[in-house]
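Have a look at the structure below, then the notes.
A quick note: this is a predicted structure, and the numbers were derived from the prediction, not measured.
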Amino acid sequence: MTEISANSRYFGLPMKVRLRPDGEAESYLPRRLIPAPERYKAFGLKRLSGSERIDDMAAEAFGDPELFWRIADALGLEDPASLLGEEGRPVPLPLPLEVASNGDA
């Protein structure tokens with residue numbers, strides 16, 4: 001099985017196993033539900049200029065571009081690319097749910 005990186009949105013989800021028709025076991029990750037946006041608390045705010053990328057915002061805010069999904073989740077976005085091009089839109093920079101929800105993620 002593949003190790004899930006700690007900065008992945010799938011970190012902490014249990015791997016599932018199913019049997020293929022040929023009898024071979026196949027591992028997979030279950031569907032991940034986006035947490036309700038109201039569970040997040042912001043530590044800052046970024047006003048979009050219309051040209052930034054969500055991974056660049058994550059790199060600036062969290063020190064890791066692969067944490068872009070935290071911003072997308074806090075906004076309730078299924079498609080992070082839908083955030084682009086919205087000049088002037090205020091984007092809250094969320095605390096991790098482990099912090100925002102007092103550890104009850």
With sequence neighbours excluded, what pairs up with Arg31 under the side-chain contact (heavy atoms from CB on, under 4.5 Å) test? Leu33
Heavy-atom pair with the smallest gap, counting every atom of [X] and [Y]:
| X | Y | result |
| --- | --- | --- |
| Leu77 | Ile34 | O-CD1, 3.8 Å |
| Ser49 | Glu87 | O-CG, 3.3 Å |
| Arg47 | Pro90 | NH1-CD, 3.6 Å |

For Glu78, does the CD atom sit with more than 12 other heavy atoms under 6.0 Å from it, leaving out its own atoms? no
First locate atom [atom1] of [X], then atom [atom2] of [Y], and finally report the distance between them rounded to the nearest 0.5 Å.
| X | Y | atom1 | atom2 | result |
| --- | --- | --- | --- | --- |
| Lys46 | Arg89 | NZ | CZ | 14.0 Å |
| Tyr10 | Ile4 | OH | CD1 | 9.5 Å |
| Arg53 | Leu83 | CZ | CG | 12.5 Å |
| Ser51 | Asp56 | OG | CG | 9.5 Å |
| Phe43 | Leu93 | CZ | CG | 5.0 Å |
| Ile54 | Ser82 | CD1 | OG | 8.0 Å |

Quick check against the 3.5 Å criterion: does Arg32 have a side-chain atom that pairs as donor or acceptor with the backbone of Arg9?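 The answer is yes, because a donor-acceptor pair under 3.5 Å joins these two groups.
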Give a yes or no answer on whether the side chain of Glu52 reaches the backbone of Gly50 with a donor-acceptor pair at less than 3.5 Å.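 Answer holds: yes.
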Side-chain donor-acceptor pairs under 3.5 Å in residues 57-66, sequence neighbours left out?
{"residue": "Asp64", "atom": "OD1", "partner": "Glu66", "partner atom": "N", "Å": "2.9"}
{"residue": "Asp64", "atom": "OD2", "partner": "Asn7", "partner atom": "ND2", "Å": "2.7"}

Working note: Val91 + Leu45, criterion side-chain contact (heavy atoms from CB on, under 4.5 Å); need CA distance, chi angles, decisive distance, verdict. CA-CA 6 Å; Val91 175; Leu45 191 68; 5.7 Å; no
Option among Pro94, Pro35, Pro37 that satisfies the side-chain contact (heavy atoms from CB on, under 4.5 Å) test with Asp73: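 One option only clears the test, and that one is Pro35.
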So Leu19 and Glu26, side-chain contact (heavy atoms from CB on, under 4.5 Å) or not? Walk me through it. CA-CA 6 Å; Leu19 290 178; Glu26 178 177 59; over 6 Å; no
Assess the residue pair Asp55 and Leu67 against the criterion (side-chain contact (heavy atoms from CB on, under 4.5 Å)); give the C-alpha distance rounded to whole Å, side-chain angles, the decisive distance to 0.1 Å, and a yes or no. CA-CA 7 Å; Asp55 58 333; Leu67 292 174; over 6 Å; no
Would Tyr28 and Arg18 count as a side-chain contact (heavy atoms from CB on, under 4.5 Å) if you check the C-alpha gap in whole Å, the side-chain angles of each, and the deciding distance to 0.1 Å? CA-CA 8 Å; Tyr28 68 98; Arg18 64 177 159 228; 3.8 Å; yes
